[in-house]
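Okay, structure first, notes after.
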Amino acid sequence: MSKIFYETAAIDYANAAPHIGHVYEKIIADFLARFHRLDGYDTNFVTGTDEHGEKIARAAKNAGQEPQKFVDYVSEELFQPIYRRLEISYDDYIRTTSPRHRKYVQEVLKKVYDAGDIYYAEYEGLYSVGSERFVTEKELVGGVLPGDSEPPILRKEANYFFRMEKYRPWLVEYLKEHPELIQPVAYRNEVLEMLKEPIGDLSISRPKDRVPWGIPIPWDDQHVTYVWFDALLAYASSLASRGIFEKYWPHAWHVIGKDILKPHAVFWPTMLKSAGLPLYKRLVVHGHILAMDGRKMGKSLGNAIDPVVLLDKFGVDAVHYALLRDTSLGSDSPFGEEIVVQRLNADLANDLGNLLSRVRTMLLKYCGGVLPAPSPADSEIARHGVALAGKVRVYVDELKLHLALEEALQYVRSLNKFVNDAKPWELARDPARLKELEDVLYTVVEGLRIASVALEAALPTKAKELRAALGLGGFTLAQTETWGLSPQGTRIPQEAPILFPKLEAKPAPTPEAEALEPQAPNGLITLEDFAKVELRVAEVVKCEKHPKADKLLVLTLNVGDHTRQVVSGIAQWYAPQSLVGRKLVLVANLKPAVLRGIESQGMILAGEDAAGNVVVVSPEKDLPPGAKVR
RNA sequence: GGCUAUGUAGCUCAGUUGGUUAGAGCACACGACUCAUAAUCGUGGUGUCGGCGGUUCAAAUCCGCCCAUAGCCA
């Protein structure tokens, strides 16, 4: 059995900036790619930008730029940077204006033409510029195509047509024989429904004098290729141009949004058939991301989530995890910052990150920071551990990604329970029970190793960090199906940063709540208002310069029962060392913010004199760290 | 109007081919514990399983009709 996996995420239309929907799709695709790699598949993962067409020509014109300059900017400055930040692990990024793609499209066109599946015909009808296609009167609502801003125009055009209708019976047959082809099944039904009636032939060219922005038709330089025919072929051109088409293509999965089902489920299979190429293996159709209130997201509604803001606030891993854990592939799902905070705090910080902290501390304290010998493989926790990969694999294959993650988290919770029940801190008090203690701690490390791999496809950076904090490296999924692979004698690093720092829950300001807020006359606030501010004495444990900002210091504060990190703009007035050991006043319940890449969990009180010199506020006499200030 | 999917605890969702008192996570309350990121663990639900009817010894699960939501098609 050859373990090969080829996957594409839809190539993005380069006429506007990326939004959460683009990000969501790439995260799904990235999960599947990473998971298959971990599971030993020779994997190739591709996405890119779709850069031709009338709409792009118009967007470029509006921006006052040449089309090529415009798409260069959108692809290189908008899409690719955010995907890199998101750690989307694509192996190739295909742009449809690249020479390698253009060449391939022309080759395929030639093939289809030679097969006799392309003819020339004149057509007159209503044309929607917004949707770049001819429309029927029936489709219009109030004279306008739903989704368009302008009514369609009457247009007469001679175009090349692809004999798509000819392949309809074949496609219906194929879909019936391959029920797993389009998933989830609702979309398969939808496609079968579409195919019950004639689908007509597909116009695949545009006259060059009207739409010059496209790939020339090889046998007629007065026409360019219709953008869909061009774009779909990117999935193949990426492979062909790298000389690896034969190897990967038969194993192709496409990940797409439900809005582009028809081109992928109807145009694309018939095109492939005509070109003599095999059909893809699977079409994975996802739904859309909705606002928290379940309504559509949109700039005009003002409820759109900016993926950059999300990344700045929560980091790559929390965004991946929350999007995968709290959506159900195929259906539309509401999403918002509240969900990320909740998942980050509950699953990642409390359950997973804290488990790492507790086992690390105990290993350092009780075992000299050295991993003891493997514990028996017949314990319940060991048996569940080695069975985890199998369960997760089934869920992933069924595309129930949220359940796959929940399964892994359940195992993490069972590890926490195991620690509570085994009470290693009690075992540590009795030297005679050393072996028992070592078995308990080894079991937890091994369990964390297994869980980290099961979660790795959703935690692109933190899964590795977690293992690194235990002195462990990388493992395949198969290597989690054997107990005891964490090597005895592994040294546990002395220092490891908190894996997932917790964030304070966002107060969720609704417009209604703001409206109800009592208006303070002449700038005065009530006692209740002031009581909202939690001030505490904090002792500076550590203080250093912010690596990326001259004016900022990063302080680690002891607040009595915990420590936290605060970024403060006082570098001009205080040398880092001079603050260590000092007691300051901290605004403890300030919403955390990320300043130049470092999270600040609060604010230090300071005052300013007439000359603009800043002085920090300290208690006059000694107060213990954590003491409340009122 | 037709087709498809969904409708289970306050919220998000599991419930394999019909079979014992319908489950999990979150949130909330109380308790235990101290290795840990105010963490973890335990305990706590009178849920009309959208409604009505049917098949069956037995239905959240099968069938019919209806209602609601979403999508597709017209």
Side-chain angles (χ1 to χ4, degrees), chain A residues 136-141 146 182 184-197 199 257-259 261-262 265-266 285 287-288 290 292 294-296 322 325-328 330-336 338-339 341-367 391 394-395 398 400-410 412-429 437 440-441 444 469 496-505 534 536 559-565 588-589 601 626:
Chain A
T136 58
E137 302 257 10
K138 286 180 192 167
E139 288 180 86
L140 304 180
V141 178
I182 300 176
V185 69
Y187 296 104
R188 172 176 181 264
N189 295 337
E190 209 174 298
V191 172
L192 282 170
E193 195 60 27
M194 285 179 208
L195 293 175
K196 275 188 183 158
E197 308 215 352
I199 50 178
K258 64 179 189 177
D259 50 314
L261 178 62
K262 191 174 181 179
V266 179
V285 187
H288 293 157
L290 305 173
M292 282 307 282
R295 294 192 305 173
K296 281 187 180 171
R325 177 62 187 81
D326 269 288
T327 63
S328 170
S331 34
D332 293 352
S333 311
F335 190 76
E338 296 93 308
I339 286 176
V341 172
Q342 161 127 351
R343 285 298 169 194
L344 178 63
N345 285 350
D347 291 5
L348 300 179
N350 291 351
D351 290 346
L352 185 61
N354 180 53
L355 177 61
L356 172 69
S357 291
R358 56 199 306 212
V359 74
R360 268 180 48 79
T361 305
M362 288 190 280
L363 281 163
L364 291 168
K365 223 161 149 176
Y366 307 146
C367 301
K391 292 182 191 168
V394 170
Y395 280 133
E398 293 171 348
K400 294 178 178 170
L401 307 186
H402 58 308
L403 299 185
L405 296 181
E406 176 58 19
E407 191 69 40
L409 248 289
Q410 252 166 40
V412 171
R413 287 184 207 112
S414 77
L415 288 169
N416 270 317
K417 178 172 165 55
F418 171 75
V419 175
N420 283 33
D421 293 346
K423 299 184 174 60
W425 51 93
E426 272 182 22
L427 299 175
R429 285 182 213 128
L437 171 66
V440 169
L441 295 183
V444 179
I498 294 287
L499 194 64
F500 292 103
K502 270 170 83 163
L503 293 180
E504 311 241 346
E534 189 192 337
R536 283 181 186 273
V559 198
D561 48 7
H562 67 288
T563 64
R564 60 166 88 188
Q565 169 180 297
N589 60 344
Q601 302 158 327

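Remember, predicted model here, so these are calculated numbers, not experimental data. All chains are named by letter (A, B, ...) in the order of the sequence lines, taking the proteins before the strands, and each is independently numbered beginning at 1.
Relative to the side chain of A/Arg413, the nucleotides B/C35, B/U40, B/G25 differ in distance, and B/G25 lies closest. Closest to the A/Ala186 side chain, of the nucleotides B/U4, B/C26, B/C35, is B/U4. Taking only side-chain atoms of A/Asp351, from C-beta outward, the nucleotide of B/A24, B/C33, B/U40 with the closest atom is B/U40. Comparing B/G25, B/U37, B/C41 by their closest approach to the side chain of A/Lys502 singles out B/U37. Listed nucleotides B/U37, B/C72, B/C35 differ in distance to A/Glu190; the shortest reach to its side chain belongs to B/C72. Closest contact between the side chain of A/Ala346 and the listed nucleotides B/U4, B/C26, B/C35 involves B/C26. Closest to the side chain of A/Leu499, out of B/U4, B/U37, B/C3, is B/U37.
At least one side-chain heavy atom of A/Trp425 sits less than 4.5 Å from a side-chain heavy atom of A/Val419. The shortest distance between side-chain heavy atoms of A/Leu427 and A/Met362 does not fall below 4.5 Å.
Taking the P atoms as reference points, B/U16 lies 14 Å from B/C63, given to the whole Å. The separation of B/C65 from B/G23, taken at their C1' atoms, amounts to 30 Å, rounded to a whole angstrom. Taking atom P on both nucleotides, B/G54 is separated from B/G10 by 29 Å, rounded to a whole Å. Here the separation of B/G31 from B/A14, taken at their P atoms, is 35 Å to the nearest Å. Only the P atoms considered, B/G15 is 15 Å distant from B/A9, to the nearest whole Å. Annotation: B/C57 and B/U20 have their C1' atoms spaced 14 Å apart (nearest Å). Remark: the separation of the C1' atoms in B/A32 and B/U8 is 33 Å, to the nearest Å. Rounded to whole Å, the separation between the C1' atoms of B/C49 and B/C62 comes to 16 Å.
Here A/Lys423 lies out of heavy-atom contact (under 4.0 Å) with every strand. Heavy atoms of A/Tyr187 sit nowhere under 4.0 angstrom from any nucleic acid atom.
Toward the 5' end of RNA chain B, the nearer of the two residues A/Lys258 and A/Leu355, judged by each one's closest nucleotide, is A/Leu355. Mapped onto RNA chain B by nearest heavy atom, A/Ser414 and A/Val359 fall at different nucleotides, with A/Val359 at the one closer to the 5' end.
Close to B/U40, at under 4.0 Å from its OP1 or OP2, lies a side-chain N or O of A/Asn350.
We find the CG-OH distance between A/Leu441 and A/Tyr366 to be 8.5 Å, quoted to the nearest 0.5 Å. Atoms OG1 and CZ, on A/Thr327 and A/Phe335 in that order, are 8.0 Å from each other to the nearest 0.5 Å. Rounding to the nearest 0.5 Å gives a distance of 9.0 Å between CG of A/Asp347 and CG of A/Leu352. Taken to the nearest 0.5 Å, the CG atom of A/Leu344 stands 13.5 Å off from the CD1 atom of A/Ile339.
As a whole-Å value, the separation of A/Arg358 CZ from B/U34 P is 12 Å. Distance, A/Ile199 CD1 to B/C73 P: 13 Å, rounded to whole Å. Whole-Å rounding puts the A/Glu407 CD to B/G25 P distance at 13 Å. Spacing between atom CG of A/Asn420 and atom P of B/U40 amounts to 10 Å, rounded to whole angstrom units. Separating the CE atom of A/Met194 from the P atom of B/G2 is a distance of 20 Å, rounded to the nearest angstrom. Whole-Å rounding puts the A/Glu197 CD to B/A74 C1' distance at 8 Å. Taking atom CG of A/Asp347 as the reference point, atom P of B/U40 lies 10 Å away to the nearest angstrom. Residue A/Asn345 contributes atom CG, which lies 10 Å from atom P of B/U40 at whole-angstrom precision.
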**Prompt:** Would A/Gln342 and A/Asp326 satisfy side chain to side chain contact (heavy atoms under 4.5 Å, CB included), going step by step from the backbone distance to the final call?
**Reply:** CA-CA 10 Å; A/Gln342 161 127 351; A/Asp326 269 288; over 6 Å; no
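Residues A/Asp332 and A/His288 share a closest heavy-atom pair of OD1-N, 2.8 Å. Smallest separation of non-hydrogen atoms from A/Lys502 and A/Ala349: CG-CB, 3.3 Å.
The pair A/Glu406-A/Arg413 meets the salt-bridge criterion, with a side-chain N (NZ, NE, NH1 or NH2) lying under 4.0 Å from an Asp/Glu carboxylate O.
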Could you list the donor-acceptor pairs under 3.5 angstrom formed between side-chain atoms of residues 185-193 of chain A and any protein atom two or more places apart in sequence or on another chain?
from: A/Tyr187; atom 1: OH; to: A/Gly330; atom 2: O; distance (Å): 2.5
from: A/Arg188; atom 1: NH2; to: A/Leu175; atom 2: O; distance (Å): 3.1
from: A/Glu193; atom 1: OE1; to: A/Lys196; atom 2: NZ; distance (Å): 3.2

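Heavy-atom contacts from other residues, nucleotides or ligands closer than 6.0 Å to NZ of A/Lys262 number 12 or fewer.
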**Asked** Which letter, B, S or -, goes with each nucleotide of nucleotides 11-16 of chain B from 5' to 3', with contact meaning a protein heavy atom under 4.0 Å?
**Response** -SSSS-
**Fill in**
Under the rule of Watson-Crick or G-U wobble with both distances under 3.5 Å, where | means paired to another strand and [ ] a crossing pair, RNA chain B maps to (((((((..((((.....[...)))).(((((.......))))).....(((((..]....)))))))))))).
